Enquirer: 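One structure, pasted below without further comment.
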Amino acid sequence: MVFAGKRPNNLGISNGKLASCPNSPNCVSSQSPDASHQIAPLTFTSTPEEAITNLKQIIESLPRTKIITESQDYYLYAEFKSALLGFVDDVEFYLDRNANIIHVRSASRLGQSDLGVNRQRIETIRAKLK
């Protein structure tokens with residue numbers, strides 16, 4: 001049984017922003033104004049090009065992960081699938097050259113609670129990026 005759900009149609013960058021999180025607790029975003037969805041953006045000390053390359057390598061090293069979109073304006077979109085039931089999380093990264101940070105949004109497609117999986121995933125990526 002697979003609980004993939006349909007790919008959201010609000011992904012991508014709009015006016016320098018990733019999509020807002022829904023009201024459900026199964027989403028984190030570095031651009032979210034509310035504390036329950038807020039997570040710190042990723043930081044880097046290399047060039048933006050190296051940072052994106054490193055980020056891609058980290059994403060590709062994680063299990064059940066597929067990069068779906070990679071664009072020239074420093075945007076990455078990947079799908080992460082859970083081991084047990086095949087739930088899919090949509091994870092986006094947007095490198096802000098002016099601020100030297102990588103904005104991030106990680107959201108479950110289905111259900112309400114994610115038991116902290118989205119936040120934990122971003123913290124794992126953050127630790128590997130250091």
Side-chain angles (χ1 to χ4, degrees):
M1 184 169 250
V2 178
F3 294 96
K6 290 209 316 257
R7 188 174 290 157
N9 57 10
N10 65 337
L11 300 176
I13 306 160
S14 177
N15 298 323
K17 294 245 186 256
L18 298 169
S20 299
C21 279
N23 289 332
S24 54
N26 58 5
C27 175
V28 293
S29 171
S30 59
Q31 295 178 321
S32 179
D34 67 286
S36 63
H37 294 111
Q38 175 66 41
I39 193 164
L42 304 175
T43 56
F44 58 93
T45 52
S46 63
T47 65
E49 293 75 17
E50 287 172 320
I52 283 290
T53 299
N54 292 344
L55 180 60
K56 266 181 60 178
Q57 289 171 342
I58 291 166
I59 293 167
E60 289 168 343
S61 76
L62 298 171
R64 297 172 309 282
T65 302
K66 190 166 136 197
I67 293 177
I68 306 296
T69 307
E70 178 186 354
S71 62
Q72 294 304 315
D73 53 0
Y74 299 109
Y75 170 80
L76 280 177
Y77 162 52
E79 290 178 346
F80 289 73
K81 196 175 284 187
S82 71
L84 201 54
L85 296 172
F87 283 101
V88 175
D89 293 340
D90 298 291
V91 186
E92 299 177 278
F93 302 91
Y94 170 51
L95 191 146
D96 181 338
R97 291 183 69 104
N98 300 328
N100 256 14
I101 56 174
I102 300 171
H103 281 295
V104 61
R105 178 184 187 270
S106 185
S108 303
R109 278 189 194 167
L110 302 173
Q112 276 290 316
S113 175
D114 65 352
L115 305 174
V117 168
N118 283 292
R119 186 172 298 279
Q120 192 177 350
R121 173 183 304 115
I122 299 307
E123 294 307 337
T124 297
I125 291 170
R126 182 189 317 280
K128 290 177 181 283
L129 202 57
K130 292 261 182 260

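In this chain, numbering begins with 1 at the start of the sequence shown. Keep in mind the model is a prediction, meaning the values are calculated, not measured.
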Enquirer: Just how far is it from atom OG of S30 to atom CZ of R105, taken to the nearest 0.5 Å?
Expert: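 Going from OG on S30 over to CZ on R105, the span is 11.0 Å.
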
Enquirer: Compare every heavy atom of I59 with every heavy atom of A78, then report the nearest pair and how far apart it is.
Expert: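 Nearest pair, atom of A78 first, then I59: CB-CG2, 4.0 Å.
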
Enquirer: Please answer: with hydrophobic residues joined when any side-chain heavy atoms are less than 4.5 Å apart, are L42 and F44 in the same cluster?
Expert: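 Yes; tracing contacts between hydrophobic side chains, which count when under 4.5 Å, links both residues.
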
Enquirer: Report the residues that fulfil salt bridge (Lys or Arg N to Asp or Glu O under 4.0 Å) with E50, sequence neighbours left out, ordered by chain and then residue number.
Expert: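 Per chain and number, E50 pairs via salt bridge (Lys or Arg N to Asp or Glu O under 4.0 Å) with no residue.
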
Enquirer: Is the closest basic N to carboxylate O distance between E79 and K66 below 4.0 Å?
Expert: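 Looking at K66 together with E79, the answer is no, because their closest N to O distance does not fall below 4.0 Å.
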
Enquirer: Let me know which of N118, L76, I122, L55 forms a side chain to side chain contact (heavy atoms under 4.5 Å, CB included) with V104.
Expert: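 Among N118, L76, I122, L55, the one meeting side chain to side chain contact (heavy atoms under 4.5 Å, CB included) with V104 is I122.
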
Enquirer: Are R109 and D90 within salt-bridge range, i.e. N to O under 4.0 Å?
Expert: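 Yes.
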
Enquirer: Which value, rounded to the nearest 0.5 Å, describes the distance between R97 atom CZ and D73 atom CG?
Expert: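 Interatomic distance, R97 CZ to D73 CG, rounded to 0.5 Å: 11.0 Å.
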
Enquirer: Decide whether V28 and F80 are clustered together by the hydrophobic rule: side chain heavy atoms of Ile, Leu, Val, Met, Phe, Trp, Tyr closer than 4.5 Å, transitively.
Expert: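 V28 clusters together with F80.
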
Enquirer: Do I67 and L11 share a hydrophobic cluster (ILVMFWY, side-chain heavy atoms under 4.5 Å, transitive)?
Expert: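 No, no single cluster joins them.
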
Enquirer: Which heavy atom of N26 sits nearest a heavy atom of G111, and at what distance?
Expert: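 In terms of heavy atoms, the two residues are closest at ND2-O, 2.9 Å.
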
Enquirer: Keeping S108 on the side-chain end and L110 on the backbone end, is there a donor-acceptor pair under 3.5 Å?
Expert: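 No, because the side chain of S108 does not come within donor-acceptor range (under 3.5 Å) of the backbone of L110.
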
Enquirer: Strictly distance-based, threshold 3.5 Å: is any side-chain N or O of S82 a donor or acceptor partner for the main-chain N or O of F87?
Expert: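 It does hold such a pair.
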
Enquirer: Tell me, please, which residues at least two apart from R121 pass salt bridge (Lys or Arg N to Asp or Glu O under 4.0 Å).
Expert: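 Testing R121 for salt bridge (Lys or Arg N to Asp or Glu O under 4.0 Å), a comparison that skips the adjacent residues, returns D89.
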
Enquirer: Taking all heavy atoms of S24 and all of Q112, pick out the closest pair and write down the distance.
Expert: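 Nearest heavy atoms, S24 then Q112: CB-OE1, 3.6 Å.
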
Enquirer: Has R126 got a side-chain atom pairing as donor or acceptor with A40's backbone, closer than 3.5 angstrom?
Expert: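 Flag set: sc R126 to bb A40 pair under 3.5 Å.
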
Enquirer: Please check: side-chain N/O of H103 versus main-chain N/O of E92, any donor-acceptor pairing under 3.5 Å?
Expert: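 Checking the backbone N and O of E92 against the side chain of H103, no donor-acceptor pair under 3.5 Å is found.
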
Enquirer: Would you call F93 and V91 a side-chain contact if the rule is heavy atoms closer than 4.5 Å?
Expert: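 Answer yes - side chains close enough.
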
Enquirer: Identify the heavy atoms of I102 and A51 that sit nearest to each other, and give their distance.
Expert: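 For I102 and A51, the tightest heavy-atom pair comes out as CD1-CB, 4.3 Å.
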
Enquirer: A side-chain contact here means heavy atoms from C-beta on lying under 4.5 Å apart; do P25 and S36 qualify?
Expert: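 P25 does not reach S36 side chain to side chain.
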
Enquirer: Please report the interatomic distance OG1(T53) to CD1(I58), rounded to the nearest 0.5 Å.
Expert: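 Reported to 0.5 Å precision, the distance equals 11.0 Å.
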
Enquirer: Can you name the closest pair of heavy atoms from Y94 and G16 and give their distance?
Expert: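 Taking Y94 first and G16 second, the nearest heavy atoms are CE2-O, 3.5 Å.
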
Enquirer: So does L18 get a backbone contact from the side chain of Q31, meaning a donor-acceptor N/O pair under 3.5 Å?
Expert: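 A pair under 3.5 Å: yes.
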
Enquirer: Please find the pair of heavy atoms, one from R119 and one from H37, that lie closest to each other, and give the distance.
Expert: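 R119 and H37 have their closest heavy atoms at NH2-C, 4.0 Å.
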
Enquirer: Answer yes or no: are there more than 12 heavy-atom neighbours, outside Q120 itself, under 6.0 Å from its atom CD?
Expert: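 Not more than 12 within 6.0 Å, no.
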
Enquirer: According to side chain to side chain contact (heavy atoms under 4.5 Å, CB included), who are the partners of T69, at least two apart in sequence or on a separate chain?
Expert: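 Here the qualifying residues are Y75, Y77.
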
Enquirer: Looking at CG of D34 and CD of Q38, how far apart are the two atoms once the value is rounded to the nearest 0.5 Å?
Expert: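 One gets 8.0 Å once the value is rounded to the nearest 0.5 Å.
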
Enquirer: Check whether L129 and I52 end up in the same hydrophobic cluster, where Ile, Leu, Val, Met, Phe, Trp and Tyr are linked by side-chain heavy atoms less than 4.5 Å apart.
Expert: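 Linked, L129 and I52 end up in one cluster.
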
